[in-house]
Protein chains: 2
Amino acid sequence: MKGRVTADDVAKKAGVSQSTVSRVLNNYPFIKEGTREKVLEAINELGFTRDEIARSLVEKKTRTIGLIIGNISNPFFAESAGVIISKAQKEKYDVIIYNTNHDDYQLEKAISTLIGKRVDGILAAAVNRNNARVKQLYENGFPIVLYNSRLDDSEVNSISLDNKKGAMLAVEHLAELGHKKIAYIAGPSKYLTVYERYVAYREALQKYGLSYDSELVFKEELTHDKVVTFTKRILSRPDRPSAIFAMSDEMALAVMDGVAGLGLKIPEDVSIIGFDNINIAANSYIGLTTISQQKEKMALLALDNLIQLIESDQKDVQPVHVIIEPELLIRRTTGVCNGS
Amino acid sequence: MKGRVTADDVAKKAGVSQSTVSRVLNNYPFIKEGTREKVLEAINELGFTRDEIARSLVEKKTRTIGLIIGNISNPFFAESAGVIISKAQKEKYDVIIYNTNHDDYQLEKAISTLIGKRVDGILAAAVNRNNARVKQLYENGFPIVLYNSRLDDSEVNSISLDNKKGAMLAVEHLAELGHKKIAYIAGPSKYLTVYERYVAYREALQKYGLSYDSELVFKEELTHDKVVTFTKRILSRPDRPSAIFAMSDEMALAVMDGVAGLGLKIPEDVSIIGFDNINIAANSYIGLTTISQQKEKMALLALDNLIQLIESDQKDVQPVHVIIEPELLIRRTTGVCNGS
DNA sequence: CTGAAAGCGCTTACAG
DNA sequence: CTGAAAGCGCTTACAG
């Protein structure tokens, strides 16, 4: 198809060597002005575009990075990815994006493909706490930084929230509003960040002398429909909880879906608090009380650090471990407890 | 960094030639079983991963496609991109994603970079109606398909909605509920799809004998904040509109933000209808009445057609022009007109 | 069934 | 200031 025009074609047309064409392409300074002009002209006439694949092969860098997220339809991932994509563009990096759908096998496959494509580095926002592949990549000196994820006991670079504090803040807010029965949408604990929130939830309950009821905790796979069903089920109990804390705003929205489906009022009948502070949480119509992860800052820090790793000499680089401060944003979905 | 292991290293370790290593990598059938095993073993011990960049150079295909969208934080783009990314993975294509932020210059830059990186094809969801570059790419036989976009008078492959019908459906629904003053969040008409909706809005008004009031039409750049401000402004007029139609669900949400900010009720005080049917529109707490674009179907068709273009011989391929049928989904944000 | 060699389209010492 | 040549890591005829 199309027989692409190469630097050699340009060279012939301009009556110079291919090396010279390459030099003007790379803005090599010592070229006679006349020569440069001839080359530029030929490039234009021929509609030449330099083959970056060939260039990557010799330069041993592709100026593309891999971005691995859980699921792009979760606004937390979409919005943080947006920040990364835009900033990467400015820094002249392309991004290949992968959804894991929270499946370990898909994560492995994504990593393998990205390594095969020789990306300069990887940003990953959804890696299970014990992922050996990521650990190994890091130990081999491959540029990788995690955000919204962390490994169990490894030095792998990461930008993450103080999740424990975040979950504490959420439960405390509810407890101080007088809520005694606080349900929790926890999710599976293969992610360290998610697990930490769960632990903090339990600790916070204890701190406020509230009892832990495993029936009020959803630990299964986090799909919208399952959470809606769970919400409806626990709210149909005679001793229903008066507040529900969700480990993500996406899931808090699913809880709201369930609550509205039951005809219950928020926050009069049930208070809801999320986690992430996705854009829509601030919409006045929703007004979701939540814990901010400062996703833009998180994403930007992750990218900045990755680029630094890529462009530095690797040797003298210290592991990066940034902990971001959570912030409680009180909006309309939480209120004082009206029930028992 | 890391001195990657090459097929040549594998060859030496296995005591065969590099050609043989290449053959086992490519599942060439006529290899002695013993040889294959030796090679596989060497590959494992060395932790070899084939350099896809080098392979792309000789094969003249990269198995990556470019995906150009307006803005990933708009759920319509994020969700359709999600469908594309997942399906592409299954088909063994990677996707490089670009946000244009609805800026023509960024679109051009994205295309140039993608061409430079020798992607096998491009999917674009946000291209201005008169884009010469896209047209030229298509005419040169480069695999490109648009979705949610179309060019003015060009054959470029596209999957798009019957936008006119969609907007008609929306206004008719409102008119039949008795609304006389229907505002419209139109956006800039550089996109043909957006323009078509605007034209249909006017035609529908006419059909129902409703007058067109340019002050009730928002034609500026579509940002959340600007639409909130506009909404508040028109709803503060003594003769305020009783219904607002937005050209996207994202903007309908902005309208709801403005309405809620004013303390007005939906749909009692003002009915709202969107366009796209993003996932959250179906959430019972929101219940946004909208026009479905069948985004999953649209995205999948776009990808399928692109892959077909890439993998076929190009010559015998007819231009693809799929028009998707819009569907009115009535939910909670629209109701009969209570006002004058 | 397997090896030696050419070639994909660039960059970059090395000469001049 | 510029050209000839080697090399990046593969694939694929061509021989044998």
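Numbers restart at 1 for each chain; the letters A, B, ... are given by sequence-line order, proteins then strands.
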Take A/Leu57 and B/Thr20, find for each the nucleotide of DNA chain C with the closest heavy atom, and name the residue whose nucleotide sits nearer the 5' end.
->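 Its nearest nucleotide lies further toward 5', so the answer is B/Thr20.
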
Let me know, please, whether B/Pro29 or B/Ser19 comes out on the 5' side of the other along DNA chain C by nearest nucleotide.
->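 Its nearest nucleotide lies further toward 5', so the answer is B/Pro29.
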
Please find the earliest and latest nucleotides of DNA chain D, in the 5' to 3' direction, that have an atom within less than 4.0 Å of any heavy atom of chain A.
->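 Listing 5' to 3', DNA chain D meets chain A from D/dC1 to D/dG9.
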
Assign the ring pair A/His102 / A/Phe77 to parallel, tilted or perpendicular, where the plane angle (0 to 90°) is split at 30° and 60°.
->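 Plane angle between 30° and 60°, so tilted.
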
Quick one: label [X] by what it contacts on the DNA or RNA (base, sugar-phosphate, nothing), any heavy atom closer than 4.0 Å.
| X | result |
| --- | --- |
| A/Asn26 | sugar-phosphate |
| B/Arg23 | base |
| A/Gln18 | base |
| B/Thr35 | sugar-phosphate |
| B/Tyr28 | base |

Check ion pair [X]-[Y] (N to O, under 4.0 angstrom):
| X | Y | answer |
| --- | --- | --- |
| A/Glu45 | A/Lys13 | yes |
| B/Arg36 | B/Glu33 | yes |
| A/Arg129 | A/Asp152 | yes |
| A/Asp51 | B/Lys117 | no |
| A/Glu311 | A/Arg63 | yes |

Paired with C/dA4 by Watson-Crick or G-U wobble geometry, both distances under 3.5 Å: which nucleotide is it?
->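 By the stated definition (distances under 3.5 Å), nothing pairs with C/dA4.
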
